[in-house]
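Presented below is the structure to which this report refers.
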Amino acid sequence: EYRVASVTRGDLEVLSVYVPNGGKDFAAKMHFLEALGNHVAEAHRDGRRVLLCGDLNVALTDLDLHPKERKPNVIGQRRDERALLQRVIDLGLTDVQRALHPGEEGLFTWWAPWRNLRQRNVGWRIDYVLATASLGATATRAECQREFGTSDHAPLVVEFA
């Protein structure tokens, strides 16, 4: 089940999003990503800035996967999912972590909870902070705090000027 919490202050809309991984209902995941894109497009048309954060359950590129985790037809890595998430970003959003760390490997935010994968940093980057380009340009830091938390995800902390 997908989840969205939204707060608007002035012209800024902050969305906290959970996209289902798609294992039980892949079509619903794709439909939700489409709807998310429609919402972002509407926000832009209305002149709102967007800060979209959360577990999007898609590794956008192979760089967002440890080499041992790269399996092109696995849900979360499929071309159709990646293309749909890229379309959302192409609506004028910046992937803040990747913008601040272009080409950097090992920026994972999720690790399967077995075989010490987190400690070995054998993971996936599936949690994002996506910001309207003008807001994203003011980001000064984006850091995944792998050492914190008890979840299979780690907090992604982003600071803006």
Side-chain angles (χ1 to χ4, degrees), residues 1-65 69-104 107-110 123-145 149 151-161:
E1 297 176 8
Y2 61 83
R3 293 183 289 278
V4 178
S6 173
V7 174
T8 302
R9 181 173 174 128
D11 72 337
L12 176 64
E13 181 178 14
V14 180
L15 299 158
S16 177
V17 177
Y18 171 74
V19 176
N21 70 14
K24 292 182 182 172
D25 190 348
F26 185 74
K29 176 182 186 176
M30 297 297 281
H31 178 74
F32 179 72
L33 285 170
E34 271 185 45
L36 192 59
N38 293 339
H39 182 81
V40 169
E42 180 182 316
H44 283 301
R45 278 193 304 273
D46 293 345
R48 293 191 316 269
R49 296 177 301 153
V50 174
L51 183 61
L52 191 157
C53 314
D55 178 358
L56 303 187
N57 264 314
V58 178
L60 192 56
T61 70
D62 280 351
L63 185 60
D64 299 315
L65 297 157
E69 295 292 309
R70 294 177 186 159
K71 300 168 186 122
N73 294 316
V74 169
I75 291 175
Q77 302 180 34
R78 290 174 43 152
R79 272 189 215 165
D80 49 357
E81 294 172 279
R82 288 176 168 183
L84 202 44
L85 178 55
Q86 187 62 56
R87 272 185 284 209
V88 172
I89 293 169
D90 289 345
L91 290 167
L93 300 178
T94 298
D95 176 353
V96 176
Q97 184 182 32
R98 187 53 70 202
L100 290 174
H101 303 281
E104 188 172 329
L107 298 177
F108 311 128
T109 61
W110 176 84
W124 299 35
R125 186 175 82 98
I126 58 176
D127 301 274
Y128 297 85
V129 173
L130 306 176
T132 300
S134 61
L135 179 60
T138 70
T140 58
R141 180 173 81 102
E143 175 187 352
C144 180
Q145 297 183 339
S151 167
D152 51 354
H153 294 257
L156 177 57
V157 177
V158 174
E159 291 179 0
F160 297 91

Any non-hydrogen side-chain atom of Leu84 less than 4.5 Å from a side-chain atom of Val58?
no

May I ask you to test the Val158-Gln97 pair for a side-chain heavy-atom distance under 4.5 Å?
no

Look only at the side chain of Thr132 and the backbone of Ser134, and say whether a donor-acceptor pair between them is shorter than 3.5 Å.
no

Min side-chain heavy-atom separation His153-Ile126 under 4.5 Å
yes

State the CZ-CZ distance between Arg9 and Arg49, to the nearest 0.5 angstrom.
11.0 Å

Would you tabulate the side-chain donor-acceptor contacts of residues 14-26 under 3.5 Å, counting partners in other chains and residues two or more places apart, or write 'none'?
| residue | atom | partner | partner atom | Å |
| --- | --- | --- | --- | --- |
| Asn21 | OD1 | Gly23 | N | 2.8 |
| Asp25 | OD1 | Ala28 | N | 3.2 |

So among Val40, Leu51, Val50, Leu56, which one has a side-chain contact (heavy atoms from CB on, under 4.5 Å) with Leu130?
Leu56

Please check if the side chain of Glu81 supplies one atom and the backbone of Gly76 the other of a donor-acceptor pair under 3.5 Å.
yes

Pairs where residues 88-100 contributes a residue and the test salt bridge (Lys or Arg N to Asp or Glu O under 4.0 Å) is met, not counting sequence neighbours
Asp64-Arg98, Asp95-Arg125

Step by step, would you call Val4 with His39 a side-chain contact (heavy atoms from CB on, under 4.5 Å)?
CA-CA 12 Å; Val4 178; His39 182 81; over 6 Å; no

Between the side chains of Asp62 and Arg82, is the shortest nitrogen-to-carboxylate-oxygen separation below 4.0 Å, so that they form an ion pair?
yes

Could you tell me how the ring of Trp110 sits relative to the ring of Trp124: parallel (under 30°), tilted (30 to 60°) or perpendicular (over 60°)?
perpendicular

Would you say the side-chain atoms of Arg70 pair up with the backbone N or O of Leu65, donor to acceptor, closer than 3.5 Å?
yes

Evaluate the side-chain contact (heavy atoms from CB on, under 4.5 Å) criterion for residues Tyr2 and Asn57: first the C-alpha distance (whole Å), next the side-chain angles of each, then the deciding distance (0.1 Å), finally the verdict.
CA-CA 11 Å; Tyr2 61 83; Asn57 264 314; over 6 Å; no

Are Tyr128 and Leu85 side-chain neighbours, meaning at least one heavy-atom pair lies under 4.5 Å?
yes

So for atom CD, which belongs to Glu1, do other residues, nucleotides or ligands contribute more than 12 heavy atoms lying within a distance under 6.0 Å?
no

